[in-house]
**Q** 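Here it is, the structure in full.
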Amino acid sequence: MPELPEVETTRRGLEPHLVNQRIMTVIVRNPRLRWPIPSQLAAELPGQRIHTVQRRGKYLLLDCDKGSLILHLGMSGSLRVIDAATPPEKHDHFDLLLEGGAAMRLRDPRRFGAVLWAKGDVLAHPLLASLGVEPLTEDFSGNWFYTQTRTRSAPIKQVLMDSHLVVGVGNIYANEALFRATINPKTAANRIGLERCTKLVEAVQTTLQLSISAGGSSLRDFVDSNGNPGYFQQQYWVYGRTGLTCKQCGAAISQIKQGQRSTFYCPRCQAR
DNA sequence: CGCCAGGCCTGCACGC
DNA sequence: TGCGTGCAGGCCTGGC
């Protein structure tokens with residue numbers, strides 16, 4: 001389940017293998033992702049050079065000569081750089097063959113991911129244009145978050161996961177950050193004061209940073225890696241720990257549903 | 001067999 | 001009226 005740290009780790013792993021590489025061939029084995037992979041890619045991409053590998057939210061952006069390739073991993077997607085001769089497996093839907101014999105291969109069993117092509121300003125693409133602030137920049141501050149949430153009466157967890165406000169905070173890290181900030185996930189966002197907003201913003205940043213740092217250790221093995229950099233090393237405070245004891249206070253971790261998503265929290269540490 | 005997990009878009013209903 | 005907001009549905013497969 002790639003969240004921002006996994007996407008950023010993937011970006012860092014891809015970057016040295018892709019930048020300044022020329023695309024030789026595009027292989028689409030199954031175009032049926034969240035949206036169809038554009039059929040013109042196979043004709044349009046070969047010959048183009050990749051200039052940068054960037055990230056916006058959970059989208060990876062490969063800036064090429066004549067446009068940008070937009071990649072999203074959905075919830076089960078992974079990207080690897082492998083030898084182009086490696087036989088594809090069942091859910092390997094998309095390859096970019098590079099000069100020199102390497103390939104970037106997308107695997108996505110559940111096909112919630114996306115491969116799209118944007119000409120011109122990629123950030124103006126409909127999927128990217130209305131995204132919120134990047135959580136690891138100064139734009140995401142306690143003051144800003146406090147101001148933004150005054151009109152939001154929804155539970156703080158759902159507001160935190162609104163990608164039109166702040167990007168990259170998925171279910172796992174929303175739960176973890178709220179624990180760190182000792183805020184109850186059900187609290188209405190506009191009932192959280194400036195001080196606690198600041199605490200929450202810092203908790204989000206700490207949670208994401210720590211996770212990126214953990215994922216970084218697998219970067220060296222990105223080529224031929226399992227394609228899930230960092231993901232298996234996670235240590236969670238609350239996520240997936242229903243009924244287990246809180247690592248902070250020993251109370252039993254609760255699980256509830258919010259907006260059709262599972263929420264985990266410590267009823268004692270996160271009382272309000 | 002049924003249910004659940006996950007990201008996030010789309011479409012719809014609601015209130016100011 | 002129009003907009004912001006919040007809710008629900010849908011897309012998929014693997015694992016229990």
Side-chain angles (χ1 to χ4, degrees), chain A residues 1-11 28-38 55-61 70-79 88-94 106-116 118 123-135 145 147-177 185-192 204 207-208 211 226-228 230-232 234 236 238-243 253 255-264:
Chain A
M1 302 110 203
E3 295 203 27
L4 186 145
E6 288 77 19
V7 177
E8 177 59 22
T9 299
T10 297
R11 190 197 70 75
V28 180
R29 297 187 190 83
N30 184 354
R32 291 164 46 234
L33 300 185
R34 172 141 202 198
W35 298 279
I37 298 177
R55 178 187 61 73
R56 177 75 175 98
K58 294 178 188 172
Y59 294 89
L60 286 168
L61 311 175
I70 302 173
L71 304 169
H72 197 288
L73 301 178
M75 68 154 292
S76 62
S78 59
L79 289 164
E89 293 185 28
K90 189 176 177 186
H91 301 292
D92 292 342
H93 306 308
F94 178 82
L106 171 70
R107 174 174 301 174
D108 187 1
R110 294 179 195 179
R111 293 195 274 120
F112 278 24
V115 176
L116 297 166
L123 295 180
H125 188 279
L127 290 176
L128 305 181
S130 62
L131 288 180
V133 300
E134 286 288 333
F145 191 68
T147 305
Q148 292 295 314
T149 50
R150 288 317 85 192
T151 59
R152 306 290 292 264
S153 59
I156 183 62
K157 179 176 177 246
Q158 284 160 266
V159 173
L160 199 53
M161 291 179 66
D162 181 354
S163 64
H164 299 290
L165 191 63
V166 55
V167 295
V169 186
N171 199 37
I172 295 173
Y173 295 113
N175 281 298
E176 292 296 296
K186 291 178 286 190
T187 303
N190 59 4
R191 288 177 47 233
I192 297 174
V204 168
T207 304
L208 295 176
S211 187
N226 62 15
N228 291 290
Y231 182 62
F232 296 108
Q234 301 297 327
Y236 297 129
V238 288
Y239 184 79
R241 298 192 69 247
T242 313
I253 300 300
Q255 179 176 359
I256 58 170
K257 280 275 189 226
Q258 289 184 289
Q260 303 161 298
R261 314 295 290 279
S262 288
T263 293
F264 305 89

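Lettering follows sequence order; numbering is per chain, from 1. Quick caveat: nothing in here was measured; it's all calculated off a predicted structure.
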**Q** Please determine whether any donor N or O and acceptor N or O are separated by less than 3.5 Å between the side chain of Arg34(A) and the base of dC8(B).
**A** yes
**Q** Expressed as a whole number of angstroms, how long is the span from Lys157(A):NZ to dG6(C):C1'?
**A** 15 Å
**Q** Side-chain N or O of Lys257(A) versus OP1/OP2 of dC7(C): is the shortest distance under 4.0 Å?
**A** no
**Q** Nearest heavy-atom pair of Thr207(A) and Ala177(A): which atoms, and what distance?
**A** OG1-CA, 3.8 Å
**Q** Choosing from dC11(C), dC7(C), dC9(B), which nucleotide comes nearest the side chain of Gln158(A)?
**A** dC7(C)
**Q** Would you say the side-chain atoms of Glu3(A) pair up with the backbone N or O of Val169(A), donor to acceptor, closer than 3.5 Å?
**A** no
**Q** Which nucleotide in the list dC9(B), dC11(C), dT13(C) gets nearest to the side chain of His91(A)?
**A** dT13(C)
**Q** Verify the contact: side-chain N or O of Ser262(A) to OP1 or OP2 of dC4(B), cut-off strictly under 4.0 Å; return yes or no.
**A** no
**Q** Considering only dT5(C), dC12(C), dA5(B), which nucleotide approaches the side chain of Thr151(A) most closely?
**A** dT5(C)
**Q** Distance check needed: dC9(B) P versus His125(A) NE2, whole Å only.
**A** 11 Å
**Q** Between dC9(B), dG6(C), dA5(B), which one does the side chain of Gln255(A) approach most closely?
**A** dA5(B)
**Q** Please state whether the phosphate of dC8(B), meaning OP1 or OP2, lies under 4.0 angstrom from any side-chain nitrogen or oxygen of His164(A).
**A** no
**Q** Which nucleotide sits closest to the side chain of Tyr59(A): dC9(B), dG14(C), dA5(B)?
**A** dC9(B)
**Q** Quick one: on DNA chain C, does Gly259(A) or Gln148(A) contact a more 5' nucleotide (nearest heavy atom)?
**A** Gln148(A)
**Q** If we only count heavy atoms from C-beta on, is the Arg34(A) to Phe112(A) side-chain gap below 4.5 Å?
**A** no
**Q** With the side chain of Arg110(A) defined as its heavy atoms from C-beta on, choose the nearest nucleotide among dC7(C), dT13(C), dG6(C).
**A** dT13(C)
**Q** Calculate the interatomic distance between Trp35(A) atom CH2 and dC8(B) atom C1'; express it in whole Å.
**A** 7 Å
**Q** Counting the atoms with a prime plus P, OP1 and OP2 as sugar-phosphate, which does Leu127(A) contact under 4.0 Å by heavy atoms, base, sugar-phosphate, or nothing?
**A** sugar-phosphate
**Q** So, OP1 or OP2 of dT5(C): does either fall under 4.0 Å of a side-chain N or O from Ser153(A)?
**A** no
**Q** Can a side-chain donor-acceptor contact be found between Gln258(A) and Thr263(A) if the only test is distance below 3.5 angstrom?
**A** yes
**Q** Considering just the side-chain nitrogens and oxygens of Gln260(A), establish if one lies under 4.0 Å of OP1 or OP2 belonging to dC3(B).
**A** no
**Q** Once salt bridge (Lys or Arg N to Asp or Glu O under 4.0 Å) is applied, do any residues pair with Arg32(A), and if so which ones, sequence neighbours excluded?
**A** none
**Q** Take the protein atom CZ of Arg111(A) and the nucleotide atom P of dG14(C), then report the distance between them rounded to whole Å.
**A** 10 Å
